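As structure tokens, the structure follows; a few thoughts come after it.
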Amino acid sequence: MCGIAGIMTCHGDAAPGRLLRAMGAALAHRGPDGDGHYRSGDVGMVQARLAIIDLATGDQPLYEPGGAALVANAEIYNYIELRAELEGAQGSAAFATSSDCEPPLHLYRRHGLGFTAHLRGMYAIALHDPSAGRLVLARDPFGIKPLYYAETTAGFAFASEPGALVAAGLVNAQLVRQVRNELMQIQFTTGRETIFAGIQRLLPGETVVVARGRIVERLRRDALPSGGPLPLDEPAGLARLDAVLEDSVRLHQRADVPYGMFLSGGIDSSAVLAMMARLNDKPVRAFTAGFSNTDVFDERQHARAVAAAVGAEHVEVEFGEVDFWRLLPEIVAAVDDPTADYAILPTYKLAHTARESGLKVILSGEGGDELFAGYGRYRAVMRPWWAGGKLARGRGSLDGLGILRGDLAGWRDGVAAAEVRAGSAGRTRLQIAQATDCADWLPNDLLVKLDRCLMAHGVEGRTPFLDAKVAEFAFRLPDDLKVRKGLGKWLLRRWLADAMPQAQAFARKRGFAVPVIEWVARRGAALGPLVAAQPGIREICLPDAVEKLFANAAGKRPGFAAWTLLFYALWHRHHILRLSPAPDVFTALAIIH
């Protein structure tokens, strides 16, 4: 895994080395094990390497006989099968290295721009084909690996993080206010446009072709299959689930370095642990975060029992109030594509602990809720409105609290557009809600959180549920194998009940939470005036109302709104005002730009 960046100029000039070096330096945390450089004609590319597979021979860029070169932030899990196929057809001399990233070059020569249809895994790829005069970028269908780009007067630039484009001076750190509105109301942002003016996302599953510094073609590969549910009974579903999950976890464990997993004790991570325990001779190393002296449910006790059931080596990580005030500015600085998801807090410290324990790869349960229908909101959208059905994300986090200067216009436009795109023929209400989440919530919240928090510590995150074979099976399950008796993830629960009875798969579990509301409320009177004075907050909120909100932040809605404002105040301070991270929250907010 790694970070990649590059430039294609508009007028055929060589890509400026100064800009390439600046982007490479900004991405160095993503790849502390080495760096690669490429310049040919009007294209330059850089790569920061985190060595996971083929430690001695996996340097990039990679080349093929036709002259094309590739840099990638990727793990292609069907590499062994592809290698055997290609060696049989072309001879082993076709493989100058044994790198995991080499097959896409050969597939590109055989299939052209459709080469990504033959890839299974997570990837953000940049491929330069000098003979065709084009640069090709591609991102995996779930958007597990990030890729951003900017079309400037000088040419086309791309990078694994938008912060690298800003750090190199290719784009100024200017807000897109409608995207800012989305962030404030739903805690993440949607679609192609990022919160930075001039920086866009390569969409999940998208391939773009760039010539003379401009995008000339786009293709898209969907993560989810089309059509409605397929008929399947429970026994057959359990057998197929066991097979696809075993296959995916086995592939996601491929590494030449130590690996472990994040264990919350919930259904998804427990299922991953159960399968890892089946496939490993040595104890699985599992990391769980917890919170003491709080009303929020502490998952460590249940996770401890789950880990003991399979003999896992269990590491418990405390995230306390001191961590919150000390680490939050540092965490916000790492999350350049903002997500105000409080799960970034324990994820960041878990990643630090995993790396300190000698691990470079972590498996996690992201995607289980989306593919097997675990969220409570899915059960709500399955009902018609007259039976209590609710619109997903129908109310913004800051609505009705009396703190806004005016309406945050357009904040739900991206969600609504995703709902329309998700509503293909034959899909049920449940499938539409799942597909909507897979389009934006998953890549732009959950996976951004996982990527930035882990890569800040040089750790690769892997998500076995977000696999093409798992998705083909799970998304088209009958609705009643996803939701039954008021419980989501029914089939996955049934599988886990057999595989690991100690997980108590049918117990009503409390959702994952972090006690940020308690922590903010305890110091709300002192915190409110500091947040209210921040330029990013003053632009959209009434200062007196913000102070009152923080002084009365103990309730769920005002407390969550206060957390959102605190996150954004710190994010705006670092990423827009370009101020350095401070040692703690209060020191950061005391510095008014």
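It should be emphasised that the depicted structure is a prediction, and the values quoted were computed from it without experimental measurement.
By the 4.0 Å N-to-carboxylate-O rule, Asp298 lies close enough to Arg300 to be salt-bridged with it. A salt bridge links Asp451 to Lys145: one of the charged nitrogens lies within less than 4.0 Å of a carboxylate oxygen. We find that Arg494 and Asp498 are joined by a salt bridge, their nearest charged nitrogen and carboxylate oxygen being less than 4.0 Å apart. Salt-bridge formation is not detected for the pair Arg49/Asp35: no Lys NZ or Arg NE/NH1/NH2 atom is positioned less than 4.0 Å from an Asp or Glu carboxylate oxygen. Using a cut-off of 4.0 Å between Lys/Arg side-chain N and Asp/Glu carboxylate O, Glu460 and Arg30 are scored as not salt-bridged. With respect to the salt-bridge test (charged N to carboxylate O, under 4.0 angstrom), the residues Glu472 and Arg476 do not qualify.
Crowding of Glu318 atom CD: a count of heavy atoms from other residues, nucleotides or ligands under 6.0 Å exceeding 12. Within a 6.0 Å sphere centred on CG of Asn293, other residues, nucleotides and ligands contribute 12 heavy atoms or fewer.
The closest side-chain donor-acceptor pair between Thr288 and Glu316, if any, does not fall under 3.5 angstrom. Looking only at atom types and distance, the side chain of Gln60 has no donor-acceptor partner in the side chain of His37 under 3.5 Å away. Counting only N and O atoms by type, the side chains of Tyr375 and Asp437 include no donor and acceptor under 3.5 Å apart. A donor and an acceptor atom, one from each side chain of Asp479 and Tyr378, are nowhere located under 3.5 Å apart. Side-chain polar atoms of Glu64 and Tyr108 form no donor-acceptor pair below 3.5 angstrom.
Contact annotation: the side chain of Asp323 never approaches that of Leu345 to less than 4.5 Å [non-hydrogen atoms, C-beta and beyond]. When side chains are defined from C-beta on, Ile52 counts as touching Lys360, because their heavy atoms get closer than 4.5 Å. Looking at heavy atoms from C-beta onward, Val306 lies out of side-chain contact with Gln504 at the 4.5 angstrom threshold. At a threshold of 4.5 Å between non-hydrogen side-chain atoms, the residues Met122 and Asn73 do not count as touching. At a threshold of 4.5 Å between non-hydrogen side-chain atoms, the residues Pro104 and Leu70 count as touching. In this structure the side chain of Glu75 reaches within 4.5 angstrom of the side chain of Arg462, judged on heavy atoms.
Ring geometry for Trp563 versus Phe567: interplanar angle of 30 to 60°, hence tilted. Below 30°, between 30° and 60°, or above 60°: for Phe188 and Trp441 the angle between ring planes is above 60°, a perpendicular geometry. Aromatic ring orientation, Trp519 versus Phe324: tilted (interplanar angle from 30° to 60°).
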Apply side-chain hydrogen bond (donor to acceptor under 3.5 Å, both in side chains) to residues Gln187 and Ser397 and explain how you reach the verdict. CA-CA 8 Å; Gln187 286 69 62; Ser397 296; 2.9 Å; yes

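A centroid separation of less than 6.0 Å is found between the aromatic rings of Phe506 and Trp490. Centroid-to-centroid, the aromatic rings of His314 and Phe287 stay 6.0 Å apart or farther.
Exactly one of Leu350, Val459, Val361, Leu50 qualifies for a side chain to side chain contact (heavy atoms under 4.5 Å, CB included) with Leu454. That residue is Val459.
Heavy atoms only, all atoms of each residue included: Phe142 and Leu447 are closest at O-CD1, 3.6 Å.
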